[in-house]
Amino acid sequence: MTPIEFIDSIGLLDENTILAHAYYATNSDLDLIKGRDGNISHAAKTYLKFAWVNNFINRAVEKGINVSFATDGAASNSNYSILEVARLSALLGKIADLNPTTSKIGDILKLFSNGEKFLKKPISKIKEGYLADLVFLDKYSPRLNPPINIFANFLYSVSELDIKMVMINGKIVYKDGEIFGYKKEKLIQDINKVYKRLLRKDTDKPMQTFG
């Protein structure tokens with residue numbers, strides 16, 4: 001059996017299952033995931049770092065599977081940018097199919113709002129009864145102008161530098177470069193305290209290395 005068939009055989013594949021990657025799922029695996037209403041987290045930057053080219057995203061989107069973006073771990077992602085993951089997902093899909101018309105902007109952008117299905121929480125709409133989780137962008141950023149196709153600008157041009165404010169459940173947690181309740185200096189200190197836990201104890205080197 002494939003790994004997907006196996007977890008289904010022991011009753012683990014259902015609407016509450018979030019599959020990390022499932023990048024080499026076969027078409028029959030994807031049919032099984034769709035039939036069980038399973039969810040998949042897609043981490044395109046990881047696959048590109050390992051030079052893994054696969055048209056998974058196009059096949060999964062075509063079958064209507066609930067796929068959302070994932071950054072994966074620091075060793076495989078480096079900067080935790082969900083915006084970069086989305087952009088690379090589109091580019092990887094085009095490269096895998098050798099077709100610039102696949103991984104369409106509209107199909108890829110929809111994956112940003114699939115967290116509601118993953119987490120079973122009202123988070124994907126600006127609507128009464130939904131959590132006020134919002135990201136505010138600088139409309140005057142050169143990366144968002146000219147607005148010939150604002151969706152293309154968002155997928156292929158926007159960066160974290162364009163994020164002006166972040167609100168979580170109605171509370172502003174970030175604005176104009178400042179993370180409220182956490183000083184950047186303290187964050188850097190904490191990072192440098194824990195980094196040794198990410199080193200292999202037998203070699204004192206990172207768990208993953210890339211050229």
Inset, instruction - Could you tell me which non-hydrogen atom of Y130 sits nearest to which non-hydrogen atom of S124, and how far apart they are? - result: CD2-N, 3.9 Å

Inset, instruction - Verify the neighbour count for atom CD1 of I126: are there more than 12 heavy atoms of other residues, nucleotides or ligands below 6.0 Å? - result: no

Legend entry - Pairwise side-chain contact, V158 with L83, heavy-atom cut-off 4.5 Å (strictly under): yes

Legend entry - same_hphob_cluster(I172, I163) at 4.5 Å side-chain heavy-atom cutoff: no

Legend entry - Test item: side-chain donor near acceptor, D29 and T2, under 3.5 Å: yes

Inset, instruction - Let me see the working for Y174 and F180 under ring pair (Phe, Tyr, Trp, His ring centres under 6.0 Å), right down to the final yes or no. - result: CA-CA 6 Å; Y174 171 88; F180 297 122; 8.0 Å; no

Legend entry - Salt bridge present between K121 and E116 (N-O < 4.0 angstrom): no

Inset, instruction - Determine whether F50 and I57 fall in the same hydrophobic cluster, where Ile, Leu, Val, Met, Phe, Trp and Tyr are linked whenever their side-chain heavy atoms lie under 4.5 Å apart. - result: yes

Legend entry - Between CG on residue L92 and CD1 on residue I108, distance to nearest 0.5 Å: 9.5 Å

Inset, instruction - State which residue, out of L30, I33, N58, fulfils the side chain to side chain contact (heavy atoms under 4.5 Å, CB included) condition with K63. - result: L30

Inset, instruction - Starting from the C-alpha separation in whole Å, work towards a yes-or-no answer on salt bridge (charged side-chain N to carboxylate O under 4.0 Å, His left out) for D8 and R36. - result: CA-CA 9 Å; D8 181 61; R36 301 289 192 229; 2.7 Å; yes

Inset, instruction - May I ask you to test the I105-D107 pair for a side-chain heavy-atom distance under 4.5 Å? - result: no

Legend entry - F151 atom CZ: more than 12 heavy-atom contacts under 6.0 Å: no

Inset, instruction - Report whether I18 and V61 are members of the same hydrophobic cluster (ILVMFWY, side-chain heavy atoms less than 4.5 Å apart, transitive linking). - result: no

Legend entry - Minimum side-chain heavy-atom gap N55-I95 below 4.5 Å: no

Inset, instruction - Is it possible for you to say whether M167 and F112 belong to one hydrophobic cluster, with membership spreading through side-chain heavy-atom contacts below 4.5 Å? - result: no

Legend entry - Ring centers of F56, Y24 separated by less than 6.0 Å: no

Legend entry - Shortest non-hydrogen contact from S9 toward M1: OG-CE, 4.0 Å

Inset, instruction - State plainly whether one hydrophobic cluster holds both Y80 and L187, where clusters connect Ile, Leu, Val, Met, Phe, Trp and Tyr through side-chain heavy atoms under 4.5 angstrom apart. - result: no

Legend entry - Ion pair D176/K164, N-O distance below 4.0 Å: yes

Legend entry - Any side-chain heavy-atom pair of L137 and F154 under 4.5 Å: yes

Legend entry - Over 12 foreign heavy atoms within 6.0 Å of NZ, K120: yes

Inset, instruction - Report yes if the side chains of N39 and V67 come closer than 4.5 Å at any heavy-atom pair, otherwise no. - result: no

Inset, instruction - Using a 4.5 Å cut-off on heavy atoms from C-beta on, say whether the side chain of D190 contacts that of K186. - result: yes

Inset, instruction - Please state whether the rings of Y23 and H42 are parallel, tilted or perpendicular, taking 30° and 60° as the class boundaries. - result: tilted

Legend entry - Side chain to side chain, N54 and R59, heavy atoms closer than 4.5 Å: yes

Legend entry - Residues D162 and R143 bridged, charged N to O under 4.0 Å: yes

Inset, instruction - Taking the side chain as every heavy atom from C-beta outward, state whether E15 and N66 have any atom pair closer than 4.5 Å. - result: no

